[in-house]
Amino acid sequence: MAEPKENLQMEKIVSLCKRRGFVFQSSEIYGGINGFWDYGPLGAELKRNVKELWWNAIVRRREDVAGLEATIIMSPAIWKASGHVDTFSDPMCSCKACKKLIREDQWWPMMCEQPWVQSLAAIVAPGTNELRGEELLKWAKTKGKSFAPNLALVKNPEVTLSWMAEDVAKGKYPANAEEYYSYLATEQRGVTGLVKPCPHCGGELTEPRPFNLMFKTHTGPIESEENIAYLRPETAQAIFAQFKNVLETSRQKVPFGIGQIGKAFRNEITPRNYTFRSREFEQMELEFFIKPDEAIEAIHGSVATVSEAGHPGEPQPNWGWQAWHQYWVEERVRFYEGIGLSRETLGFHRQTAEELAHYARACVDILFKFPFSKRDENGELKGEELEGIAARSDFDLSQHQRFSGKPMSVFDDELRNAWNKLPKEKQDDLWRRYYENRKRYLEKSGVEAEPAQKQATEDANGLAKGNYIPHVIEPSAGVDRLILALITNAYSETVKTDDKGKNETIYLMKFHPRVAPIKVGVLPLLKNKPDLVKKALEVRDLLRPWMNVYYDDGGSIGKRYARQDEAGTPFCVTIDFDTLGEKTELLDTVTLRYRDDGQQERLKISELRDWLLARIR
RNA sequence: GCGGGUGUAGUUCAAUGGUAGAACGGCAGCCUUCCAAGCUGCACACGAGGGUUCGAUUCCCUUCACCCGCUCCA
C-alpha cells in the first residue's frame with residue numbers, strides 16, 4: 001500500500017536534511033548523479049560519530065579484535081575466490097511484452113514452475129518429429145489464452161505452427177524441451193531467429209545482456225583485458241585475504257576478530273529510497289574467527305548450548321558457532337540501543353534455510369522500520385536491513401586457501417594436546433564429522449569427488465594434529481543506512497501556536513547525545529553586551545578541545561535554541577547576567593537547556609565539561 | 001532497464017508566450033534580560049540542452065535528477 005502520509009514524512013525529512021546540511025545530492029550543480037549522495041557539515045559529523053562509536057565498541061574496547069584498513073582496489077583474483085565475479089555478472093533477459101527481468105540461468109527453472117508450461121508438458125514431444133498440431137492449436141485457444149497470452153503460439157498459432165511444420169517435414173525439430181518452448185515462442189523465425197518465452201506471460205525475451213554489479217576499472221593508464229580491476233563490493237574479503245598477516249602481527253589467537261570500516265561500491269540496478277541504497281556506500285564489518293565445533297568438542301568435551309533469545313553473557317571457551325552467533329547478534333542490538341534505536345524501532349529476520357547461502361549456517365538481519373518500509377500481511381512494518389550477522393562456516397578462508405594456494409589454517413596447541421588424550425572412539429567420531437564437513441564444502445565448490453575425498457582426509461588428519469581453518473561470524477553493517485535510520489528516528493515535529501495565534505511547525509532532531517553532530521550550543525543571552533559575548537567565547541574555547549561546540553549570537557535567544565533543535569544539539573548553555581555575577585551566588589554559572597523538553601537548570605562553568613562528557617560518551 | 005509522476009530562490013509554494021512574486025530561512029545593522037519578537041537593508045531561482053517563436057520559465061523534443069510501481073539486492 002502506498003501510504004501518502006509516509007511518503008510525505010520522508011519528503012519532509014529529505015527537505016530538512018538539505019536545509020540543515022545533513023545530506024546533499026552528489027554533483028548537484030551538474031544535475032546530480034543517480035545513486036550517489038554527499039554529507040554536509042552536520043551529516044559528516046553524525047557519520048564520524050557513528051563510525052567512531054563502532055570502532056571503539058568493536059575494536060578498541062575489546063581485547064579480542066584487531067583493526068584493519070585495506071585498499072578499495074585489490075587483486076581481481078580475490079573476487080574470483082569470493083564468487084563475486086561470477087555472481088555479480090549474471091546475464092539478464094527482459095520480456096518485451098510484460099517488461100519483467102529474468103536471470104538467464106534461472107529461465108528454465110522458472111519455466112518448469114509455470115502452470116502453462118506444466119499444462120503443455122503432455123503435448124510437447126521433444127526429440128521426435130511428432131508435431132501434435134491439432135492439440136497445440138486447441139491448447140492455444142483455451143488454456144494458452146489465459147496462462148500465456150503473449151506466447152507466439154497463442155497470439156498467432158497458424159503462423160507459428162506452419163513454420164514449425166515445415167521444419168519438422170525437413171527433419172529439423174527441437175531436440176529438447178527447452179528448445180521446444182523456444183519454437184512455441186517464435187512467430188517469425190526468419191526475422192527474429194529462435195526466441196525464448198517469458199515464463200510469466202509467454203512474451204518474447206530479449207537476448208541476455210550482461211549485468212555487472214561490480215564497478216570495473218583498470219590499473220595503469222592503458223585499458224586492456226589484462227589489467228581489469230574492481231572497486232570492492234564489500235570490505236570483508238580484504239579481511240580474509242589479510243587474515244594471516246593480522247594473526248601474526250596482532251598476537252591474537254582464535255577466537256578473535258578483525259574489524260574494518262570502509263567504502264564499498266555496487267552498481268545497484270535501482271538506487272532507491274534516498275541514501276538507503278546508494279552505489280557508493282560505507283560498511284562497518286567484523287569478521288570474528290572461531291574454532292570449528294569439532295575442535296571445541298575435542299578440547300572441552302562438549303559444545304555449549306544457548307537459547308535463541310537473549311544475550312548469552314561473557315564469551316566462554318566452550319562456545320561453538322551458535323553461541324558466538326547469538327552473542328554477536330545481541331552485542332549488535334545493544335550497540336543500536338546505545339545510540340538511540342530502541343528494540344521497538346528495530347526488526348529481526350532470521351534467514352530461512354532456502355534464503356541462506358549454501359555455506360552459511362545462520363544469518364540474522366537487524367532491520368530498522370523506515371517510513372518507506374513495506375508492511376507484511378498483518379499490516380506490521382517490516383523494516384529494512386541495517387546489518388546482517390552471518391555464521392559463514394569456514395567457507396571464506398577455505399576459498400582463499402584454494403584459490404591462492406596459501407594455507408589459511410591455524411595451529412592450536414590446546415587442540416593437539418586435548419586430541420591426544422581423547423578415547424579412540426571420540427577421535428574417530430570427530431575425525432569423521434570434520435571430514436564430512438570438509439568434503440561437503442569441497443564438493444559444493446566444484447571439486448571432483450576423488451580429490452575432494454583426498455583433501456578432506458588431509459584436513460581431518462590436520463585437525464588431529466591441531467590444525468584447522470577457522471570458522472567465522474560476520475556482523476556486517478551499512479553505515480549510511482544507519483545514518484538514515486538515525487535521522488528518521490530522530491525526526492520529530494510539533495505544531496505550535498505563537499503569540500499572534502499563528503500555527504507554526506517546530507522541527508526537532510532527537511539524536512542520542514552520543515551521535516549528535518553538535519554536542520552543545522554556546523549562546524550569549526544578548527549580542528550587544530560585550531561582557532556576555534566575551535564570557536561566552538571563553539566557555540566555547542573551554543569546551544572546544546573536548547567536543548563539537550557551536551557558538552551562536554545571531555538573532556534572539558529563542559531563535560538560536562530553535563536552530564540547535566533542528567540540528568539535533570542535545571544541550572545549549574546560555575551565558576547571562578547572572579554568569580557575570582549580577583546575583584553574586586550565581587557567579588560563573590550558566591543556564592543549561594535540554595533540547596527535548598526545553599527544561600533548564602543552572603550549572604557551574606567549572607563542572608560543565610565533565611557534565612557534558614558524561615552524557616556524550 | 002521498463003512504465004507513471006515531478007522539476008520555479010536554501011526550504012515550502014505562487015504567477016506568466018513579453019519585467020518571475022511571497023512566506024520562512026540566510027547575511028549585515030539596530031534592538032532584544034531565556035524559547036523562531038520587532039525594525040532596516042542585502043543576496044539568492046525557472047534542472048540542462050535543442051527546437052518552434054519577433055520573443056519561451058510557460059508549447060514541443062531530448063537529456064539529467066528525484067518520487068511511485070515492476071525487476072534486482074550475493
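Since the model is a prediction, treat every value here as computed from it, not as a measurement. Naming convention: chains lettered A, B, ... in sequence-line order (proteins, then strands); numbering from 1 in each chain.
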Fill in: For A:Ser278, all residues meeting side-chain hydrogen bond (donor to acceptor under 3.5 Å, both in side chains), sequence neighbours excluded
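None.
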
Worksheet item: Does A:His84 have its ring centroid less than 6.0 Å away from the ring centroid of A:Tyr230?
Response: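 So the answer is no for these two rings.
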
Answer with yes or no whether [X] presents, from its side chain, a donor or acceptor under 3.5 Å of a partner atom in the base of [N].
{"X": "A:Thr591", "N": "B:C34", "result": "yes"}
{"X": "A:Thr270", "N": "B:G1", "result": "yes"}
{"X": "A:Arg266", "N": "B:C73", "result": "no"}

Item to complete: Among A:Val539, A:Val549, A:Ile616, find the residue that satisfies the side chain to side chain contact (heavy atoms under 4.5 Å, CB included) test when tested with A:Val520.
Response: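 Result for side chain to side chain contact (heavy atoms under 4.5 Å, CB included) with A:Val520: A:Val549.
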
Discussion item. Heavy-atom nearest nucleotide on RNA chain B for A:Ala357 versus A:Ile29: which residue maps closer to 5'?
Written reply: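 Comparing both residues, the 5'-ward one is A:Ile29.
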
Fill in: Most 5' of A:Gly558 and A:Arg392 on RNA chain B, judged by nearest nucleotide
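So the residue in question is A:Gly558.
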
Measuring only the [atom1] atom in each nucleotide, how far is [N] from [M]? A whole number of Å is fine.
{"N": "B:C30", "M": "B:G17", "atom1": "P", "answer": "46 Å"}
{"N": "B:G49", "M": "B:U58", "atom1": "P", "answer": "12 Å"}
{"N": "B:G21", "M": "B:A15", "atom1": "P", "answer": "14 Å"}
{"N": "B:C42", "M": "B:A9", "atom1": "C1'", "answer": "14 Å"}
{"N": "B:U16", "M": "B:A22", "atom1": "C1'", "answer": "15 Å"}
{"N": "B:G51", "M": "B:A74", "atom1": "P", "answer": "47 Å"}
{"N": "B:G55", "M": "B:A43", "atom1": "C1'", "answer": "29 Å"}
{"N": "B:A65", "M": "B:U71", "atom1": "P", "answer": "23 Å"}

[X] side chain: which of [options] is closest?
{"X": "A:Glu504", "options": "B:A36, B:C34, B:U33", "result": "B:A36"}
{"X": "A:His84", "options": "B:C35, B:C34, B:A74", "result": "B:A74"}
{"X": "A:Ser15", "options": "B:U11, B:A74, B:A36", "result": "B:U11"}
{"X": "A:Tyr359", "options": "B:C34, B:G26, B:A74", "result": "B:A74"}
{"X": "A:Arg593", "options": "B:C73, B:C34, B:C35", "result": "B:C35"}
{"X": "A:Lys496", "options": "B:U33, B:C35, B:C72", "result": "B:C35"}
{"X": "A:Glu582", "options": "B:G25, B:A74, B:U33", "result": "B:U33"}
{"X": "A:Lys374", "options": "B:G69, B:A37, B:G10", "result": "B:G69"}

Fill in: Salt bridge A:Lys535-A:Asp588, side-chain N to carboxylate O under 4.0 Å
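Looking at A:Lys535 and A:Asp588, the cut-off is met.
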
Worksheet item: With respect to the phosphate group of B:G25, does any side-chain polar atom (N or O) of A:Arg563 fall under 4.0 Å of OP1 or OP2?
Response: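 No, outside the criterion.
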
Worksheet item: Has A:Lys18 got a side-chain N or O lying under 4.0 Å from the OP1 or OP2 atom of B:U12?
Response: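 Indeed not, no polar side-chain atom of A:Lys18 lies that close.
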
Discussion item. Show every salt bridge (Lys or Arg N to Asp or Glu O under 4.0 Å) that has at least one partner inside residues 483-495 of chain A, sequence neighbours left out.
Written reply: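 Counting only pairs at least two positions apart or across chains, the salt bridge (Lys or Arg N to Asp or Glu O under 4.0 Å) contacts touching residues 483-495 of chain A are A:Lys12-A:Glu493.
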
Practice prompt. Specify the residues of residues 526-534 of chain A, ordered by number, for which at least one heavy atom lies under 4.0 angstrom from an atom of RNA chain B.
Written response: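 Heavy-atom cutoff 4.0 Å gives A:Leu526, A:Lys527, A:Asn528.
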
Discussion item. Heavy atoms within less than 4.0 Å of RNA chain B: which residues of residues 473-486 of chain A have one? Give them sorted by number.
Written reply: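 Contacts with RNA chain B under 4.0 Å: none.
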
Which is true for [X] with a 4.0 Å heavy-atom rule: it touches a base, it touches only sugar-phosphate, or it touches nothing?
{"X": "A:Gln600", "answer": "base"}
{"X": "A:Glu566", "answer": "base"}
{"X": "A:Ile506", "answer": "base"}

Please enumerate all residues that pass salt bridge (charged side-chain N to carboxylate O under 4.0 Å, His left out) together with [X], with sequence neighbours excluded.
{"X": "A:Glu566", "value": "A:Arg19, A:Arg20"}
{"X": "A:Arg402", "value": "none"}
{"X": "A:Lys510", "value": "none"}

Sidechain-backbone polar pair: [X] side chain, [Y] backbone, donor-acceptor under 3.5 Å:
{"X": "A:Asp365", "Y": "A:Leu367", "answer": "no"}
{"X": "A:Arg560", "Y": "A:Gly555", "answer": "yes"}
{"X": "A:Arg392", "Y": "A:Tyr359", "answer": "no"}

Quick one: which protein N/O atoms are closer than 3.5 Å to N/O atoms of nucleotides 64-67 of chain B? Pair and distance per line, please.
unit_1	atom_1	unit_2	atom_2	d
B:C64	O2'	A:Gly31	O	3.2
B:A65	OP1	A:Asn34	N	3.2
B:A65	O4'	A:Gly31	O	2.9
B:A65	O3'	A:Gln25	NE2	3.0
B:A65	O2'	A:Gln25	NE2	2.4
B:C66	OP2	A:Asn34	ND2	2.8
B:C67	OP1	A:Tyr274	N	3.1

Worksheet item: For the residue pair A:Ala567 and A:Met509, what are the closest heavy atoms and their distance?
Response: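 Scanning both residues completely, I find the closest heavy atoms to be C-CB, 4.4 Å.
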
Practice prompt. Could you provide the dot-bracket string of RNA chain B, using ( ) for intrastrand pairs, [ ] for crossing pairs and | for bases paired to another strand, with Watson-Crick or G-U pairs below 3.5 Å?
Written response: (((((((..((((....[..)))).(((((.......)))))....(((((..]....))))))))))))....

Worksheet item: Got a sec, which residues hit ring-ring contact (aromatic ring centres under 6.0 Å, His included) with A:Phe288, two or more places apart in sequence or on another chain?
Response: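 Scan of A:Phe288 (ring-ring contact (aromatic ring centres under 6.0 Å, His included), adjacent residues dropped) gives A:Trp324, A:Trp328.
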
Item to complete: Go through the structure and list residues passing ring-ring contact (aromatic ring centres under 6.0 Å, His included) with A:Phe240, not counting sequence neighbours.
Response: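 Listed in chain order: nothing, the list is empty.
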
Discussion item. In terms of relative ring orientation, are A:Tyr594 and A:Trp611 parallel, tilted or perpendicular, with 30° and 60° separating the classes?
Written reply: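 Taking A:Trp611 first and then A:Tyr594, their aromatic rings stand perpendicular (interplane angle over 60°).
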
I'd like a table of donor-acceptor pairs (distance under 3.5 Å, sequence neighbours excluded) in which one partner is a side-chain atom from residues 27-46 of chain A, with atom names and distances.
unit_1	atom_1	unit_2	atom_2	d
A:Glu28	OE2	A:Lys18	NZ	3.2
A:Asn34	OD1	A:Arg279	NH1	3.4
A:Trp37	NE1	A:Tyr274	O	3.2
A:Tyr39	OH	A:Asp480	OD1	2.8

